[in-house]
Amino acid sequence: MERIDKLLAHEGIGSRKDIKKILHRCVVTVNGRQVFDPGFQVDAVKDLIQIDGETVDLHTNLYIMMNKPQHVVSSTKEGDHQTVFDLLDDSLRTPYLIEKLHLVGRLDMDTEGLLLFTTDGELTHRITSPKTHISKTYYCELEHEETPEHQKEIVQAFENGIDVGPEDNEEGFTCQPAFLQWKSASSALLTIYEGKYHQVKRMFAAVGNKITYLKRMSMGELKLDPKLELGEYRLLTEKEIELLR
């Protein structure tokens, strides 16, 4: 339960002082009952709040899919660089959402594809926890072509769990078994079950090649909507949310 003035202020309707005025100047109802007291307790999940007959969307839990473009940082603030949060509409920048909305994992600045935002901390923990082994599939383009023989060797090396070297301040490690499907001599789909620093790039570097283009296509059973242009986003459907759960 939460005070109605605090809840409406979080939604960007106004300051708590403004809400007090709105309660007297407008018809504010909770489940059909008019409310005047700014301290009136409401349940953001169960209660229906309306102002002059218009329902207030409380964003109790929000789930957004974005097709992230390159050269955009997966962060709330990043100096001179544009961030993925800069691509969101003003309606998603209310005080409540600025506080609660976060990314479910990240993508490197030069990586495109499926990026999730949510206010659901429990779901984020489930997806990102190493214990759940949620798969992530990437489309990869490589610097040079691989022979059929070396393609088979790479597939086997990834399935066995390849050792990757250190990078920046990150130590080397042994990857969990991963599944590689070649699409051409220089492109492939790679499915991994963890998300270490620059992992996909380091895996291909370990077999003597280099990523030139990388795009995340899916997380678990959730696939990137092919209708979304780069930089576009939409809310997840109920069915898609259930896929993540």
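Computed over heavy atoms, backbone and side chain alike; hydrogens, waters and symmetry mates excluded. Count residues from 1 along the sequence.
- Here the CD1-CD1 distance, from Ile19 to Ile4, works out to 8.5 Å after rounding to the nearest 0.5 Å.
- The ring-ring contact (aromatic ring centres under 6.0 Å, His included) check on Phe117 picks up Phe85, with sequence neighbours excluded.
- For Leu87 against Gly231, the heavy-atom pair with the smallest separation is CD1-CA, 4.1 Å.
- Applying the salt bridge (Lys or Arg N to Asp or Glu O under 4.0 Å) test to Glu221 and every residue at least two apart in sequence or in another chain returns nothing.
- Residues satisfying the salt bridge (Lys or Arg N to Asp or Glu O under 4.0 Å) test with Arg234, not counting sequence neighbours, are Asp225, Glu240.
- Smallest separation of non-hydrogen atoms from Arg106 and Ser74: NH1-O, 2.7 Å.
- Atom CG in Leu244 sits 5.0 Å away from atom CG in Leu222 (nearest 0.5 Å).
- Leu88 and Leu236 are not part of a single hydrophobic cluster, where members link through side-chain heavy atoms under 4.5 Å apart.
- With sequence neighbours excluded, no residue satisfies salt bridge (Lys or Arg N to Asp or Glu O under 4.0 Å) with Asp168.
- Other residues sharing a hydrophobic cluster with Met1 under the 4.5 Å side-chain heavy-atom criterion for ILVMFWY residues do not exist; the residue is a singleton.
- Residue pairs meeting the side-chain hydrogen bond (donor to acceptor under 3.5 Å, both in side chains) criterion with at least one partner in residues 199-211, sequence neighbours excluded, are Asp108-Lys201, Asp110-Lys201, His144-Asn209, Glu146-Asn209, Glu194-Gln199.
- Here the straight-line distance linking atom CD of Gln181 with atom OG1 of Thr137 works out to 9.5 Å at 0.5 Å rounding.
- Looking at Val42 and Ile49, their side chains come closer than 4.5 Å, going by heavy atoms from C-beta outward.
- Sorted by first and then second residue, the ring-ring contact (aromatic ring centres under 6.0 Å, His included) pairs with a member in residues 214-245 form an empty list; sequence neighbours excluded.
- Think of Met217 as one node in a network of Ile, Leu, Val, Met, Phe, Trp and Tyr side chains linked at under 4.5 Å; its network also takes in Tyr139, Leu189, Tyr213.
- The hydrophobic clustering, which links ILVMFWY residues whose side-chain heavy atoms are closer than 4.5 Å, places Met66 and Tyr138 together.
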Step by step, would you call His102 with Thr124 a side chain to side chain donor-acceptor pair (under 3.5 Å)? CA-CA 9 Å; His102 59 270; Thr124 299; 2.7 Å; yes
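- The closest donor-acceptor contact from the side chain of Lys68 to the backbone of Val72 lies under 3.5 Å.
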Tell me, with the steps shown, if Met203 and Cys175 meet side-chain contact (heavy atoms from CB on, under 4.5 Å). CA-CA 8 Å; Met203 289 173 70; Cys175 299; 3.7 Å; yes
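- With rounding to the nearest 0.5 angstrom, the OG1 atom of Thr118 is 7.5 Å from the CD1 atom of Ile241.
- Counting all heavy atoms, side chain and backbone alike, Gly161 lies closest to Thr174 at O-CG2, 3.6 Å.
- Shown are Val56, Val30, Thr55; of these, the side chain to side chain contact (heavy atoms under 4.5 Å, CB included) with Gln50 is made only by Thr55.
- In this structure, Thr111 and Gln70 have side chains that are not in contact, with every pair of non-hydrogen atoms separated by 4.5 Å or more.
- In terms of heavy atoms, Thr83 sits closest to Ser75 at CB-O, 3.0 Å.
- Looking at heavy atoms from C-beta onward, Arg216 lies out of side-chain contact with Leu224 at the 4.5 angstrom threshold.
- Within the structure, every pair that satisfies the ring-ring contact (aromatic ring centres under 6.0 Å, His included) test and touches residues 151-209, not counting sequence neighbours, is listed here: Phe158-Phe204.
- Among residues at least two apart or in separate chains, side-chain hydrogen bond (donor to acceptor under 3.5 Å, both in side chains) pairs with a member in residues 19-40 are Asn31-Asp47.
- In this structure Asp86 satisfies the salt bridge (Lys or Arg N to Asp or Glu O under 4.0 Å) test with no other residue, sequence neighbours excluded.
- In terms of hydrophobic clustering, with Ile, Leu, Val, Met, Phe, Trp and Tyr side chains grouped at heavy-atom distances under 4.5 Å, Ile162 and Leu142 are assigned to a common cluster.
- With sequence neighbours excluded, the residues forming a side-chain contact (heavy atoms from CB on, under 4.5 Å) with Arg126 are Thr132, Ile134, listed by chain and number.
- For Ser135 and Thr191, the side-chain atoms include no donor-acceptor pair closer than 3.5 Å.
- Nearest heavy-atom pair across Ala188 and Leu180 is CB-CD1, 3.5 Å.
- Taken together through direct or relayed side-chain contacts under 4.5 Å among Ile, Leu, Val, Met, Phe, Trp and Tyr, Leu116 and Leu214 form parts of separate hydrophobic clusters.
- Considering every non-hydrogen atom in both Gly113 and Leu107, the closest pair reads O-CD1, 3.8 Å.
- Within the 4.5 Å cutoff, the side chain of Ser186 has no heavy atoms near those of the Glu141 side chain.
- Atom CG of Asn61 is separated from atom CG of Asp120 by 4.5 Å, given to the nearest 0.5 angstrom.
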